[in-house]
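Worksheet for the structure shown next.
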Amino acid sequence: MSDAPRLSRSTLAGVGRPAGVQLPAVDPGEVRVGMVHLGLGAFHRAHQAVFTEDAAAATGENGWGILGVTQRSARVVEQLAPQDGLYGVLTQGTEETSLRLVGSLRDVAFPGTGTARVLDAIAAPTTHVVTLTVTEKGYRRAADGGPDLTDPDLAADLDALAGELRGGHRDSPARSPLGLLLRGLALRGRQDAGPLTVVCCDNLADNGTVLDGLVGATLNAVPHGHRLREWIGASVRFPGTMVDRIVPATTDAHRAQAQALLGLADAGLVVGEPFTQWVIEDSFAGPRPAWERAGATLTADVAPYERAKLRVLNASHSTLAYLGALRGHTTIAQAVADPDLAAAVRALVDDDVLPTLVAPDGLDLERYRDDVLSRFANPNTGHTTVQVAMDGSQKLPQRLLGTVRDRLASGSVPTAAAGTVAAWIAYVRATTQGELEVGGRRVTLDDPMASVLADAAAGPLDRLADRMLDVRPVFGDDLADSEPFRSAVRAAVADLLTTRA
Ligand code: CS2
């Protein structure tokens, strides 16, 4: 990319204090690992790692360094290991850009080659917290919400776990986040290394309870899993959280911008909007970073925050992504600037979402909606419609279908929410038929259920809505069998196809 020296502890010492760059708030040389993070994507680096660094800086505690574990590829390790784990966060406001370097990521590992090291870290008595951002699909859930035991990666991990519970070696590479977590917990339990808190930071409704349930249900399927289950019941907590920061994919332009400020090349750079929020259920099995000193909210009840965020922000995001991409808008900012789309999002929030929510303490939901829409309008975020549009089969059940269920249960037909489902259906159809171009590029469907969806989307248009609603792992039997919902989606799909034609 460039011939500037690469960011690392030694090159950083050489550049002094470049103007406009905030240096790491902790001294990376002094920080020890106390936390393991599964799913070392951009979001973690722009969110929890920053909160953790700020908390450590505020308290002076040096035991909250992070071991970051990548998911599917070694690419992030290749970006960060040569940089001693250092990376920058480029914050893009509507008017200002700033760069800060983060020092809390102290080690990185790829399960393909580093599983034993990760298991040891989860089991270390000095580790107190495991956090996860592995995306909705990373949890490998079956249609009923439980673990998908037919998933070959999870099944391979459960075989390895069964061997490890009998005292076998732990060197087979973990293939799924849940498998990695369970194998780490098993080692910790066997070594009696003390309590641990596992913090799910993905956009799943009731994420803490869901992960707790998945862990338990998975262990039911493992021979001799009951002892580990008991240990987990007594020693491990799974608090729920709401996480929020818009983090687009990093582009070469961002890297060039950061390099101009820093004078060093940063292959691990991430980008975020200025807004950031973390609400965490205050239910920990042992020590934790003082995240409240970094601006996080620790609360007894995270559900109202989480529900408001998923149903207002994430559902609006998806609506803009599908409708926006269908109209050729490249970014979310362009989509929300389109008056028809802004009206569709307002209708969704006002007519269907807000009636299902209870406001968290001190939050005015209408103001929250307006703030979210102005965050989307930030033209410098550069978040693309196609990025947000990915994995709809996994995202819509979490961010939209709860609203649909609540509205139906209260006797109302969620017409606006049906519009979002219709937008997704039209997007699936267009992308699987090779009919969608955004920003001059042909868009294909990026979704773990792509082949099932492509089959459902193919065929006569007048039955398109019905075929898609029959994809029961997405809609569940209740919604697939709801006649009022079906008619609303049919009407919305017909409408959308007429306007697109
Ligand atoms: C987005 C989220 O890609 C998506 O599905 O809706 O990643 C969103 O940007 C974050 O949840 C914001 O906190």
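Both ligands and their constituent atoms are indexed starting at 1 by order of listing.
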Between F51 and W278, is the ring centre distance below 6.0 Å?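 They qualify: ring centres under 6.0 Å apart.
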Candidates Q394, H317, R245; heavy atom nearest atom 6 (O) of ligand 1 found on H317
Report, in ascending order of atom number, the atoms of ligand 1 lying under 4.0 Å from any heavy atom of [X].
X	answer
H383	9 (O)
N203	11 (O)
D244	12 (C), 13 (O)
K395	3 (O), 4 (C), 5 (O)
R399	4 (C), 5 (O), 6 (O)

To the nearest 0.5 Å, atom OG1 of T250 lies from atom CZ of R255 at 6.0 Å
Would Q277 count as a contact of ligand 1 if the rule is a heavy atom under 4.0 Å away?
no
* To do: State if K309 counts as touching ligand 1 under the rule of any non-hydrogen atom under 4.0 Å.
  => yes
How does V247 reach ligand 1, if at all, at less than 4.0 Å between non-hydrogen atoms: by side chain, backbone, both, or neither?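 Neither; nothing of V247 gets under 4.0 Å from ligand 1.
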Q22 side chain to R100 backbone, donor-acceptor under 3.5 Å: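 Here the side-chain-to-backbone pair does not exist.
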Short side-chain to backbone donor-acceptor contact, R399 and A315, under 3.5 Å: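 Checking the backbone N and O of A315 against the side chain of R399, no donor-acceptor pair under 3.5 Å is found.
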Measure the distance from atom 2 (C) of ligand 1 to every protein heavy atom, then report the residue, atom name and distance (to 0.1 Å) of the closest one.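 Among all protein heavy atoms, the one nearest atom 2 (C) of ligand 1 is N314 ND2, 3.6 Å.
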Under 3.5 Å, is there a donor-acceptor pair linking the side chains of N314 and K395?
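Distance-only check fails for N314 and K395.
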task = Mark yes or no: R288 above the aromatic ring of F284, with NZ or CZ under 6.0 Å from the six-membered ring centre and no more than 45 degrees from the axis.
result = yes
Note to self: Checking side-chain contact (heavy atoms from CB on, under 4.5 Å) between F238 and each of T197, N207, V199, L211, which is the one that passes?
What the structure shows: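 Only match with F238 under side-chain contact (heavy atoms from CB on, under 4.5 Å): L211.
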